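The structure appears below as structure tokens.
It should be emphasised that the depicted structure is a prediction, and the values quoted were computed from it without experimental measurement. Every chain is numbered from 1, with letters handed out A, B, ... down the list of sequences.
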Number of protein chains: 2
Amino acid sequence: MANQRATAGPHRGVYKAESPDGVTAPASTRERILDIAMELFVEQGYDKTSLRDIAERLGTTKAALYYHFERKQDILLELHLRLHALGREALEELARLESGQDRADAWPALVDHFIDEVVENRQLVLMHQRNHNALAELGNNERHRAENDDIEQLFRRVLNSPAIPLEQRVRMACSLGAVIGPLVAGDEFFPGVPRPELAELVRGAVRDLLRTRKPRS
Amino acid sequence: MANQRATAGPHRGVYKAESPDGVTAPASTRERILDIAMELFVEQGYDKTSLRDIAERLGTTKAALYYHFERKQDILLELHLRLHALGREALEELARLESGQDRADAWPALVDHFIDEVVENRQLVLMHQRNHNALAELGNNERHRAENDDIEQLFRRVLNSPAIPLEQRVRMACSLGAVIGPLVAGDEFFPGVPRPELAELVRGAVRDLLRTRKPRS
DNA sequence: GTCTATATTTCGATAGAC
DNA sequence: GTCTATCGAAATATAGAC
């Protein structure tokens, strides 16, 4: 009767049925659903993944899923929140800095952190970028809209800081794309290269990218 | 009776009903369909865009579309081929170079070209990256598979050239992501900045990114 | 918590008139 | 080339037994 909120009833807010001590409990059905859904959303996309597909791979039936999630969209929403949780803290901290120059100075550390998280949660990032449209439709959901608008505004606040020269702000945006390129999309292009080594090389590339040169004057 | 293959019959291979001289003819229905579909695929995604949606915005009915395209997928396929046509030539030329070093040297020019095309065909690029999953399903289509496998192999051949140091190859991959970042995805982050100026800044960033430094030894 | 139905809706695709 | 009408195949979601 310890921390069993997950089994206290269907679809009710926040769950995270971890055992109080660090013991790895058998993954709750709810979380197994999320993991399987993430796999399938990457393989086939959200729209082409039916609840029947998920249920089959999980070994149950469609209807059983409705005990754990009210609607199909809620599965996607939960996964989206998982992703947002990754970058939220770091981004908030960055946006809290007053001066634009401080923000620019702190950016490289943020990207470093970003690289680590992309490597560790590659599948989640993949799911995000391969289901852009489906995720956009979550905009109607209140819980999602609140969270999402927030994150987006944090980004905007940093990348729009008028105190940072435009050139540097553009490079900050470039650095994010540069990370996604080889670490996610172009995975098949560097087979056999251990991911940590790849990450290290990307780190070096981003470092050079962010080191703005003198404008040719 | 000049170049009217487009109206010679429904869905038959290649069309491009341009008038022989450079005169801008009124866009054929077929091309208006493609343009509208591209818009909608960007706004809502391929899966959530019904043929009814397309027909409505075009001012006709669903059934009319079937005169111009045999299946819904064929609309997406045609748009995909439009995109591939953009980069194909440059990429082929690059892959034809024998030495790996030659390829690495030619890469910056390719990216420069890539930047121009991304700026000029932003919507098409957007459609591509926002419908990754739907496009992957075209893999069953023969016409698509032939074309697509080809392009992918060209990329692989260049990015795998063993003569190019891994560090540089990774940076080549980074450079592609760095272009997409600010020019496509992060469009809303630089409002008011004319796109050519943005492109120029990205060009500078990529230049620094590709200039590999001495390894710290 | 999971099952077997089944209701409901939407969409791709076809038939055939004009 | 475009229309109306309709078929058939999914898929989401619900009802109710166990």
Side-chain angles (χ1 to χ4, degrees), chain A residues 1 4-12 15 17 25-34 36-37 40-41 43-79 131 133-134 137-138 140-141, chain B residues 1 4-12 15 17 25-34 36-37 40-41 43-79 131 133-134 137-138 140-141:
Chain A
M1 61 165 73
Q4 283 293 338
R5 189 124 43 112
T7 59
H11 30 77
R12 307 208 180 174
Y15 322 76
S28 68
T29 303
R30 183 189 173 82
E31 255 161 316
R32 284 177 55 221
I33 293 173
L34 287 171
I36 289 174
L40 286 168
F41 292 169
E43 292 172 20
Q44 320 175 335
Y46 173 79
D47 295 288
K48 284 290 186 301
T49 299
S50 66
L51 294 177
R52 206 174 133 273
D53 290 336
I54 299 176
E56 243 168 36
R57 189 172 290 197
L58 191 137
T60 62
T61 65
K62 235 179 5 170
L65 300 179
Y66 277 95
Y67 176 81
H68 298 277
F69 295 92
E70 205 168 356
R71 294 160 306 181
K72 183 190 177 188
Q73 271 209 333
D74 290 348
I75 300 178
L76 184 64
L77 172 57
E78 195 73 12
L79 289 172
N131 291 283
N133 288 303
E137 267 168 35
L138 293 180
N140 307 324
N141 181 306
Chain B
M1 61 164 71
Q4 283 293 337
R5 189 125 40 115
T7 57
H11 29 81
R12 308 209 181 174
Y15 323 77
S28 69
T29 303
R30 184 189 171 81
E31 255 162 317
R32 284 177 55 222
I33 293 174
L34 286 170
I36 290 173
L40 286 169
F41 292 169
E43 292 173 19
Q44 320 175 338
Y46 173 79
D47 294 288
K48 285 288 188 302
T49 300
S50 66
L51 293 175
R52 205 174 134 273
D53 289 337
I54 299 175
E56 242 169 36
R57 189 173 289 198
L58 191 137
T60 62
T61 66
K62 228 177 14 165
L65 300 179
Y66 276 95
Y67 177 82
H68 299 276
F69 295 91
E70 207 169 352
R71 293 160 306 182
K72 184 190 177 189
Q73 271 208 333
D74 290 348
I75 301 179
L76 184 63
L77 172 59
E78 196 74 11
L79 289 172
N131 290 284
N133 289 301
E137 268 168 35
L138 292 181
N140 307 324
N141 181 306

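- Picking from dA15(D), dA13(D), dG12(C) the nucleotide with the shortest atom distance to the side chain of A63(A) gives dA15(D).
- In the set dT2(C), dA13(C), dA13(D), dT2(C) carries the atom at the smallest distance from any side-chain atom of T29(A).
- For dT2(C), neither phosphate oxygen OP1 nor OP2 lies less than 4.0 angstrom from any side-chain nitrogen or oxygen of T60(A).
- A salt bridge is absent between K62(B) and E56(B): the closest approach of a Lys/Arg side-chain nitrogen to an acidic carboxylate oxygen does not fall below 4.0 angstrom.
- Protein atom CG of D74(A) is 13 Å distant from nucleotide atom C1' of dT12(D), rounded to whole Å.
- Counting only heavy atoms from C-beta outward, the side chains of F41(A) and N133(B) never approach each other to under 4.5 Å.
- Panel note: side chain D74(A), backbone F69(A); no donor-acceptor pair is recorded below 3.5 Å.
- L51(A) has its CG atom 16 Å from the P atom of dT4(C), to the nearest Å.
- For D53(A) (side chain) and S50(A) (main-chain N/O), a donor-acceptor pair under 3.5 Å exists by modelled atom type.
- Here the side chain of A64(A) is nearest to one of dC3(C), dT4(D), dA13(D), namely dC3(C).
- Distance R30(B) CZ to dG1(D) C1': 14 Å, rounded to the nearest Å.
- Heavy atoms of S50(B) sit under 4.0 angstrom from primed sugar atoms or phosphate atoms, though from no base atom.
- Using a 4.0 Å heavy-atom distance criterion, R52(A) is classed as making no nucleic acid contact.
- Atom OH of Y67(A) is separated from atom C1' of dC18(D) by 15 Å (rounded to the nearest Å).
- For E43(B) and K48(B), the salt-bridge test fails: no basic side-chain N is under 4.0 Å from an acidic carboxylate O.
- Atom-to-atom, NE2 of H68(B) to P of dT2(D) comes out at 4 Å; the value is rounded to the nearest Å.
- Here the P atom of nucleotide dA7(C) and the OH atom of Y66(A) are 17 Å apart, to the nearest Å.
- Going from atom CG of D47(A) over to atom C1' of dT9(C) covers 16 Å, rounded to whole Å.
- Counting to the nearest Å, the P atom of dG12(C) and the CG atom of D53(B) are 8 Å from each other.
- If T61(B) and T49(A) are placed on DNA chain D by their nearest nucleotide, the residue sitting closer to the 5' end is T61(B).
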